[in-house]
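These notes are about the structure you will find just below.
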2 protein chains.
Amino acid sequence: MKNVAALAGVGIKTVSRVMNGEANVSAATTARVNEAAAQLNYELDVHAGNLKRLDRRSRTLGLLVGSVANPFSGAMHRAVEDAAIERGIAVFASSMDDNPERERLSVTAFLRRRVDGLILTTATSSQGYLLPEQSHGTPLVFVDRAPVGIDADAVVSDNAIGAATATRHLIEHGHRNIAYVGDSHALQTARERRRGFQEEIGRAGIPTGDIAQLEDLHSEEAAFEAVTRLVAGEHPPTAIFSSQNLVTVGAIRALRRLGLQHRIALVGFDDVELSDLLEPAITVVAQNPRRIGELAIERMFARLDGDHSAPSTIVVPTTLIVRGSGEIRPS
Amino acid sequence: MKNVAALAGVGIKTVSRVMNGEANVSAATTARVNEAAAQLNYELDVHAGNLKRLDRRSRTLGLLVGSVANPFSGAMHRAVEDAAIERGIAVFASSMDDNPERERLSVTAFLRRRVDGLILTTATSSQGYLLPEQSHGTPLVFVDRAPVGIDADAVVSDNAIGAATATRHLIEHGHRNIAYVGDSHALQTARERRRGFQEEIGRAGIPTGDIAQLEDLHSEEAAFEAVTRLVAGEHPPTAIFSSQNLVTVGAIRALRRLGLQHRIALVGFDDVELSDLLEPAITVVAQNPRRIGELAIERMFARLDGDHSAPSTIVVPTTLIVRGSGEIRPS
DNA sequence: GACGAACTTGACATCGTTGTCACGGATCGG
DNA sequence: CCGATCCGTGACAACGATGTCAAGTTCGTC
């Protein structure tokens, strides 16, 4: 900046004014400064400015997701980024892999860089460790999973309702021996989906002792193995509810490997690309990750703009998409 | 930091030393400082430190991809992030949507934040605008597409070779009327893939006048429309080579809609999730986005660690995955 | 026991920018 | 035509950290 000032023959403060588009700089001076800046390829250093600036905003957000390689996270990320870029805000993205340690590591990395706010999916059992940061004024918006041990904004899917809808759909098609195949019990979303499943099973008067409930399947491969064993067992289910997209894909692969895809019904939680073209096509309870991202960033901006109302949790509805696999009747 | 120093009863420089894990601080002092820091929930401010630090490293990278919602970008991103997190480096991610303007916007946003390096997929016709930044010492690694107008490291797929392999595969299965269905001609990768296709067609002695070459299909919908019109035309191809994953999905949907998926062969460039379970399963030339990301970040770290050798372009091989759709013979 | 080396510590300038304030000149209303 | 206001501008301190350097302390060796 000093160099630009020297080249333009003005004070550094004037350069600062021009670079920030402040008023009350003559057109001639503005032109001279801009020319000098262009000649020297000068770019403002936002961080140096932040040091002295009163609002201390880095115009940077931290986004923590399960994995940036997961399509659900990708859609959310994209929505966040689209809104952020319009306000000149850059987004740090990080994957925590449902690993509490990695979550803490990423959050620390974000905080060290003085992000203006955090949008996060968490894997820790409690997010109380963020309390000091929150009271220090950093807005937090939790996505996908509601926070524990801290009161903050959240945007989540209607996990229990969606799971119940999927389960009811199977029950309405005549099933009573429905297996639950799901992700880690440590995850709040997985627990909620299981709860929705169980409650619906209960409402239908089906004894829970009769049904298999498999948990802690954290990858496609694990789900494949588990479902393979399940349907080859002695009391195989006539229908399966899978509570997460990787698990759904594992289940699809297992059923097809055994040639059972037309005999055992399947409803998945969360949509999967191309699943509408399979034979049978997969009935799912679709989430709306893009919408979750949109609402989260909207909430974030409201907070950054001074909204001090009580934290709220927004529930984004899921949608049952009937395609075939969920309408198979028990044989 | 001042507060921590005061609470611990030491000078700020000592706090700085403890927080940065420097040697030559007594155990007792270290403990006192750490305790004070914990009590005040103090986190280092990397940007303030950068101002004075000699290396001026923000320990931050900028990653520009087509879209963070695209699985190809997601896999690349994940590989970059995994390596970065180990070095305590945070990653800004941004989508440029093959929009040159958005590319410039994102790059500016990154540079303003003084990233230590840029890993980028570009949409501009020339990246010469990065020359000053490069000579200023910021390492650049281009991914997916080789740079134009600037000499820098790059990691790309063997686009022409892969396309030729796919085309040869179709020719070997008896096809001579093979359509090319591809993305925007403005994209270097799309041009390369088309070149590979054309050269292979030429090698087989097939007159180019006979074959349809559709371009500028930038979404699944556009590809769907184009393929629908193509195969309904008066001289429909017996095989299709689609040069990008969204285009492939559009083509799949079009063929199935018309019930032609078992009559017209299809080979896609870039793999698509679940495409192995379709009927027929889709034969593809798979890229290796994770590997591209790994090599790119490796290159980046080498540069940051002082490697001043001449820029190189690493070509990551593609793999033909035979699944069914590409082995349909002409009727 | 003395002397130098090694260790521990803090004062202070400084990084690039913005907030504050003050100054001089132009403009305006009566 | 004069005083009041407004506009354009720059000098300077300060933001939170680190580099430099010097001072005080401890330790080891002959």
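By convention in this document, chain letters (A, B, ...) are assigned in the order of the sequence lines, proteins followed by strands, and residues within each chain are numbered from 1.
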**Report entry** Thr14(B) side-chain N/O to dT9(C) phosphate OP1/OP2 under 4.0 Å
**Finding:** no
Requested in this report: Flag yes if more than 12 heavy atoms outside Glu22(B) fall under 6.0 Å of its CD atom; otherwise flag no.
Outcome: yes
Query - Selected nucleotide, minimal atom distance to Ala48(A) side chain, candidates dT18(C), dT17(C), dT9(C) - result: dT17(C)
Query raised in the report: Under 4.0 Å between a side-chain N/O of Ser26(B) and OP1 or OP2 of dT9(C), yes or no?
Result: yes
Query - Ion pair Asp116(A)/Arg87(A), N-O distance below 4.0 Å - result: no
Query raised in the report: When the ring planes of His77(B) and His77(A) are compared, do they come out parallel, tilted or perpendicular, using 30° and 60° as the limits?
Result: tilted
Report task. Send over the distance from Arg59(B) CZ to dT18(D) P, rounded to a whole Å. Result -> 13 Å
Please write out the pairs of protein N or O atoms and N or O atoms of nucleotides 4-7 of chain C separated by less than 3.5 Å, giving the distance to one decimal.
none

Requested in this report: Would you tell me whether His47(B) and Asn50(A) have side-chain atoms, one donor and one acceptor, within less than 3.5 Å of each other?
Outcome: no
Query raised in the report: Does the side chain of Met300(A) reach to within under 4.5 Å of the side chain of Ile119(A), using non-hydrogen atoms?
Result: yes
**Report entry** Nucleotide dG16(D), atom C1' - distance to CD1 of Ile12(B) in whole Å
**Finding:** 8 Å
Query raised in the report: Roughly, in whole Å, what's the span from CZ in Arg113(A) to P in dA17(D)?
Result: 14 Å
Requested in this report: Return the value, rounded to whole Å, for the distance between atom CZ of Arg32(B) and atom P of dT8(C).
Outcome: 14 Å
Query - Residue among Val156(B), Thr122(B), Val155(B), Val148(B) satisfying side-chain contact (heavy atoms from CB on, under 4.5 Å) with Phe142(B) - result: Thr122(B)
Report task. Among the candidates dG16(C), dT18(C), dT18(D), find the nucleotide nearest to the side-chain atoms of Leu44(A). Result -> dT18(C)
Output one line per pair: protein atom, nucleotide atom from nucleotides 20-23 of chain D, and distance, for all N/O pairs under 3.5 Å.
none

Query raised in the report: Rounded to whole angstrom units, what separation is found between the CG atom of Asn50(A) and the C1' atom of dA14(D)?
Result: 14 Å
Query raised in the report: Expressed in angstrom and rounded to an integer, what is the separation of Lys2(A) atom NZ from dC12(D) atom P?
Result: 14 Å
**Report entry** Among dG16(C), dA17(D), dG19(C), the one nearest Arg53(A) by side-chain distance
**Finding:** dG19(C)
Requested in this report: Measure the distance from CD on Glu43(A) to P on dG16(C) and round it to the nearest whole Å.
Outcome: 16 Å
Query raised in the report: Are any of the side-chain heavy atoms of Asp153(B) and Ser312(B) separated by less than 4.5 Å?
Result: yes
Report task. For Val10(A), answer base if it contacts any base atom (sugar-phosphate contacts may also be present), sugar-phosphate if it contacts only those atoms, and nothing otherwise; contact means non-hydrogen atoms under 4.0 Å. Result -> sugar-phosphate
Requested in this report: Answer whether the closest heavy-atom distance between the side chains of Asn41(B) and Glu133(A) falls below 4.5 Å.
Outcome: no
Report task. Send over the distance from Met19(B) CE to dA17(D) C1', rounded to a whole Å. Result -> 12 Å
Report task. May I ask you to check whether Thr60(B) and Arg113(B) show a side-chain donor-acceptor distance below 3.5 Å? Result -> no
Query raised in the report: Which is true for Asn20(B) with a 4.0 Å heavy-atom rule: it touches a base, it touches only sugar-phosphate, or it touches nothing?
Result: sugar-phosphate
Report task. Answer whether the closest heavy-atom distance between the side chains of Ser157(B) and Ile292(B) falls below 4.5 Å. Result -> yes
Query raised in the report: Phosphate oxygens OP1/OP2 of dT9(D): is one of them under 4.0 Å from a side-chain N or O of Thr29(A)?
Result: yes
Report task. For Ala27(B) and for Gly49(B), find the nucleotide of DNA chain C with the closest heavy atom, then tell me which residue's nucleotide is more 5'. Result -> Ala27(B)
Query - Candidates dT18(C), dG19(D), dA17(D) - which lies nearest the side chain of Met1(A) - result: dT18(C)
